[in-house]
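Okay, handing you the structure first.
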Amino acid sequence: MKIQYNIAYFKKHGKEALYYQTKDSVVYCSLCPNYCVINLNRKGLCKNKINIEGKLFTLAYGNPCSAQIDPIEKKPLFHYFPKSRVFSISTGGCNFSCLNCQNHHISQVGADELENYNLTPEKIVETCITSNCPAIALTYTEPTAFYEFALATAKVAKANGLKTILISNGYINQEPLKELSKSIDAANIDLKSFDDHIYKKLCGGSLQPVLNTIKTLKENNIWLEITNLIIPTWNDDIAMIEKMCQWLIENKFENVPFHFSRFSPNYKLNNIPSTPINTLEQAKKIAIDAGIKYVYIGNVYDTHAENTFCPNCSKTIIERKGFRVLRNNIIEGKCSFCGENIAGVWE
Ligand code: SF4
């Protein structure tokens with residue numbers, strides 16, 4: 001059924017957006033650093049916010065296009081309750097327009113343009129509990145694009161003793177991030193490059209807000225891991241990777257697990273070859289030499305690149321294959337071989 005975008009419809013069914021102001025019927029959204037200025041009956045860049053008679057409504061509430069159970073390792077989160085099952089949700093829409101987006105069929109269209117489930121935050125939590133999932137993951141597309149739904153779901157989850165995990169591009173303003181941080185437990189933030197021009201060309205965003213997000217999550221005691229997808233000719237410059245690792249060390253992120261991820265040709269970058277393995281290994285060495293303790297290489301199979309090694313005795317403390325944990329030698333947060341504390345939330 002086609003939705004009629006009018007105030008009567010939204011008064012009855014719609015959720016008003018958070019973080020905006022109106023002047024002369026024009027809406028100024030301040031949820032993310034895109035700061036969209038939205039005229040009457042128009043949508044913001046994320047395609048999920050619409051200005052109806054000077055009020056901003058979200059089109060992404062209670063209508064996830066994806067709802068499925070995943071292993072937590074798929075997010076990836078490697079140092080947070082290994083082997084947990086997480087209930088993953090996303091809606092259509094995104095505040096970035098990455099040329100390489102793996103999920104462009106859902107991220108580059110509005111939530112109202114897809115076939116969706118009808119799942120309120122309460123229903124999601126109820127489904128989690130009956131399916132024995134201790135956590136919800138806000139993932140696949142960008143949770144900032146379904147912020148109101150994400151926040152409400154995280155609040156209901158918390159009230160029911162469930163965890164909420166944020167998988168995000170980190171492109172959100174500080175005030176809404178701090179509000180969301182009160183109800184989430186762990187996050188993996190995609191650090192797409194360490195260069196503002198690349199951010200702009202590749203994703204339509206900028207670097208500094210993402211760095212601010214990473215710092216704020218850490219300050220708010222959210223368990224944090226970071227992912228960097230290395231795309232040949234785009235963000236594989238070794239000097240830039242060195243600079244990124246130096247920034248992480250200077251800002252005391254040495255215990256934050258860092259995932260370099262292998263690019264495969266996709267979407268608008270389907271003419272770029274997969275990342276060479278030696279580029280990923282070189283990046284890993286740079287990160288370890290800089291002082292980052294837990295460094296992984298993702299999307300590469302049949303290697304030890306996704307195992308966790310003790311930073312003290314170098315023994316394998318978690319052995320993984322794909323998204324499976326084969327062996328876990330961490331006992332009470334310590335390496336079972338030498339007793340070294342291993343950063344993470346283990347039990
Ligand atoms: S949340 Fe959406 S509408 Fe608001 S500023 Fe960001 S992209 Fe624009």
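Order of listing sets the numbers, starting from 1, for every ligand and every atom in it. For clarity, every value in this text was computed on a predicted model and none was experimentally measured.
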Pairs involving residues 13-22, ordered by first then second residue, that meet salt bridge (Lys or Arg N to Asp or Glu O under 4.0 Å) (sequence neighbours left out): E16-K55
Is any side-chain heavy atom of F337 less than 4.5 Å from a side-chain heavy atom of N312? no
Are K75 and D70 within salt-bridge range, i.e. N to O under 4.0 Å? yes
Is it the side chain, the backbone, both or neither of Y35 that has a heavy atom closer than 4.0 Å to ligand 1? backbone
Return the number of protein N, O or S atoms with a distance to atom 2 (Fe) of ligand 1 smaller than 2.8 Å. 1
Do the non-hydrogen side-chain atoms of Y171 and P209 ever get within less than 4.5 Å of each other? yes
Selection residues 125-154 - residue pairs positive for salt bridge (Lys or Arg N to Asp or Glu O under 4.0 Å), sequence neighbours left out: K49-E148, K123-E126
Please name all residues satisfying side-chain hydrogen bond (donor to acceptor under 3.5 Å, both in side chains) with E319, sequence neighbours left out, ordered by chain then number. R327
